[in-house]
Amino acid sequence: MAKDVEIRSPFDDSVIDTVPEHDEADVRAAIGRAVEAKPIMAEMPAHQRGRILNNTAQLVEKYGEDLARLMARENGKPMKYTRGEVSRCVETMTFGADEARRLHGETVPMDAAKGGVGKIGYYVRVPVGVVGAITPFNFPLNLVAHKVAPAVAAGCPVVLKPSPDTPLSAFRLRDIMLEAGLPEGAFEVVNGGADVGQWLTTDPRIDMLTFTGSPAVAHHISKAAGLRRVALELGGNGATIINDDADIDRALDRVVTGSFAYSGQVCISVQRIYVHENVYDEFREKFIDRTNALVVGDPLDDSTDIGPVINDTAAERIEAWVQEAVNNGAKLAAGGTREGRLIRPTVLENVTEEMKVMCMEVFGPVVNLVPFSDFEEALATADESEFGLQAGVYTRDLAKAMRAVERLNVGGVMINDVPTFRVDHMPYGGNKNSGLGREGPRFAIEEMTTLKMVVINT
Ligand code: NAD
């Protein structure tokens with residue numbers, strides 16, 4: 001039987017709520033309920049799937065302030081960002097609803113092949129079956145929405161395991177979706193750590209796996225998936241290039257936000273900023289001023305820019321990586337101190353590509369400034385990463401912008417914006433160790449459906 005566990009705020013350790021920690025029998029039973037919901041979801045008409053998702057969007061909006069507070073308490077994200085996450089969840093659900101209504105196949109010109117003459121052919125998209133979803137702590141509402149909205153739109157039940165640090169938003173969203181009209185069993189939430197994840201991923205009744213989290217865990221999921229379909233949304237060490245023809249003042253606010261929003265605990269956070277030497281001093285000075293002006297503190301306070309990182313282990317790791325860089329010659333241009341889980345936004349200079357803060361994913365409020373003299377070399381250095389999620393390039397030169405689009409091996413190139421830019425209907429995902437497949441309801445639905453070909457012999 002599940003035992004109850006307390007979920008505490010990473011800011012002040014206050015108890016927010018208790019939730020069940022599920023054991024193997026609970027997980028198997030949840031999967032069983034999802035299997036029972038499989039025909040119900042597969043046969044549900046598109047207009048009904050669309051309506052449930054539209055209803056969900058309306059309810060998320062209605063309960064928005066409560067959801068924003070819940071997230072600020074459970075993962076320490078400042079209210080100014082959790083309110084944004086609620087709005088994005090409304091949009092993700094709405095995009096899911098739109099896609100549910102236009103999910104279709106197409107006809108195939110059979111007579112284009114000699115053997116196809118006299119035949120009518122078309123294909124339809126059919127739901128893949130039960131989706132097993134695993135999500136991280138950093139967007140506990142909208143990343144859950146990115147699994148559930150396409151699953152419902154595609155006609156699939158979903159069994160979701162949220163991060164054990166932040167399960168409350170997922171349980172709340174499940175309740176909201178039931179209120180919105182989703183049948184029992186169509187959205188099951190199982191709570192726990194790696195063991196719950198393993199029971200979920202190895203259960204043969206799960207037809208498809210979708211995971212958002214770190215590359216290390218993705219390797220386990222990928223192995224467990226075997227011949228089943230798997231979608232992986234993983235990490236990065238986002239690069240931004242500031243060329244000397246860029247509008248520096250336009251770039252600054254975005255680059256500061258992209259570096260430090262939610263304490264850098266964002267997969268597309270800015271981690272490496274390559275700045276042309278002609279504008280380096282100007283950019284550096286303004287960037288550091290703005291960084292030092294950020295307010296670190298209570299996530300429930302509307303003026304707070306930077307709250308705590310998720311737990312002590314993360315805080316200690318981030319501090320150790322900064323220390324390692326400094327020990328090897330990096331210079332602290334801002335920050336570098338911490339009080340418990342509150343880490344002051346940190347800017348490093350004089351770094352090398354081999355330092356952990358450069359080549360690994362920091363997932364904390366730490367950013368590196370690196371001067372360059374040649375744009376092509378900056379592109380090459382930015383691209384020399386095991387990751388390939390998104391990149392940002394600031395330039396007014398169209399030819400340089402298009403060269404960056406061509407050269408960078410990433411899932412998305414943002415011209416005159418930071419890699420941190422995302423709206424929820426765009427295809428989103430990474431190359432190399434940043435993942436496999438794309439999210440955004442339309443694209444996730446492609447992963448959650450299979451094609452069924454029909455040939456009619458006339
Ligand atoms: P994590 O990989 O530690 O955990 C993610 C989830 O996997 C959690 O629910 C965790 O309990 C579960 N898990 C752990 N071990 C497991 C196992 N053996 N089998 C199955 N499940 C297991 O990640 P995190 O610390 O919660 O989140 C941070 C990571 O997520 C970063 O790498 C970040 O870049 C990535 N991320 C990626 C995206 C994206 O869309 N690309 C979005 C957000 C976060």
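We're numbering straight along the sequence, starting at 1. Below, all heavy atoms of this structure are taken into account, side chains as well, without hydrogens, waters or symmetry copies. Whatever order the structure lists ligands and atoms in, that order sets their numbers, starting from 1.
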* Is Leu379 close to Leu408 at the side-chain level, that is, under 4.5 Å between some pair of heavy atoms? ->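 Heavy-atom side-chain distance check passes, below 4.5 Å.
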
* To do: Give a yes or no on whether atom 34 (O) of ligand 1 lies under 4.0 Å from any heavy atom of the protein.
  =>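 There is a protein heavy atom less than 4.0 Å from atom 34 (O) of ligand 1.
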
* Asked: Is the closest side-chain donor-acceptor distance between Glu74 and Ser169 under 3.5 Å?
  ->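 A donor-acceptor contact under 3.5 Å links the two side chains.
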
* **Test item: side-chain donor near acceptor, Glu179 and Tyr63, under 3.5 Å** =>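 Looking only at side-chain atoms, Tyr63 and Glu179 do form a donor-acceptor pair, the distance falling under 3.5 Å.
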
* Within 45° cone and under 6.0 Å: Lys77 NZ/CZ vs Phe139 ring ->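 Yes, a cation-pi geometry holds between Lys77 and Phe139.
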
[atom]: the protein heavy-atom neighbour that sits closest, reported with distance to 0.1 Å:
atom	answer
atom 18 (N) of ligand 1	Gln198 NE2, 3.5 Å
atom 38 (C) of ligand 1	Cys267 SG, 3.0 Å
atom 22 (C) of ligand 1	Val217 CG1, 3.4 Å
atom 27 (O) of ligand 1	Pro136 CB, 3.1 Å
atom 28 (C) of ligand 1	Phe363 CE2, 3.4 Å
atom 40 (O) of ligand 1	Tyr428 CE2, 3.2 Å

* Could you go step by step and tell me if Thr304 and Asp301 meet the side-chain hydrogen bond (donor to acceptor under 3.5 Å, both in side chains) rule? -> CA-CA 6 Å; Thr304 297; Asp301 187 331; 4.5 Å; no

Please state which part of [X] comes within less than 4.0 Å of ligand 1, counting heavy atoms only: side chain, backbone, both or neither.
X	value
Thr135	backbone
Glu361	side chain
Val196	neither
Phe139	neither
Ala216	neither
Leu200	neither

Report, in ascending order of atom number, the atoms of ligand 1 lying under 4.0 Å from any heavy atom of [X].
X	value
Asn138	43 (C), 44 (C)
Pro162	9 (O)
Ser163	9 (O)
Ile134	6 (C), 7 (O), 9 (O), 12 (C), 20 (C), 21 (N)
Ile221	20 (C)
Gly213	2 (O), 23 (O), 29 (C), 30 (O), 32 (O), 35 (C)
Leu143	42 (C), 43 (C)
Gly235	32 (O), 34 (O)

* With sequence neighbours excluded, tell me which residues meet side chain to side chain contact (heavy atoms under 4.5 Å, CB included) with Lys223. =>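 Expected list: none.
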
* To do: Could you list the residues that satisfy side chain to side chain contact (heavy atoms under 4.5 Å, CB included) with Glu6, not counting sequence neighbours?
  =>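 For Glu6, the residues satisfying side chain to side chain contact (heavy atoms under 4.5 Å, CB included) (neighbours in sequence not counted) are Arg8, Val15, Thr18.
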
Within a reach of under 6.0 Å around [atom1] of [X], are more than 12 heavy atoms found that belong to other residues, nucleotides or ligands?
X	atom1	result
Glu184	CD	no
Arg341	CZ	yes
Arg205	CZ	yes

Under-4.0 Å salt bridge between [X] and [Y]:
X	Y	value
Lys38	Asp207	yes
Glu65	Arg83	yes
Arg438	Glu447	no

* Is there a heavy atom of Pro164 sitting under 4.0 angstrom from any atom of ligand 1? ->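 It does; at least one heavy atom falls under 4.0 Å.
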
* Leu234 heavy atom under 4.0 Å from ligand 1 ->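 The answer is yes, since Leu234 has a heavy atom less than 4.0 Å from ligand 1.
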
* Starting at OH of Tyr81, measure out to OG1 of Thr257 and round the result to the nearest 0.5 Å. =>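 Answer rounded to 0.5 Å: 5.0 Å.
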
* To do: On the 0 to 90° scale, with breaks at 30° and 60°, tag the Phe95-His425 ring pair as parallel, tilted or perpendicular.
  =>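 If you compare the ring of Phe95 with that of His425, the planes turn out parallel.
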
* ligand 1 and Lys161, any nitrogen or oxygen pair closer than 3.5 angstrom? ->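 The answer is yes, given that Lys161 and ligand 1 share an N or O pair closer than 3.5 Å.
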
* Would you check whether Ser214 has a nitrogen or oxygen atom less than 3.5 angstrom from a nitrogen or oxygen atom of ligand 1? =>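 So ligand 1 has an N or O lying under 3.5 Å from an N or O of Ser214.
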
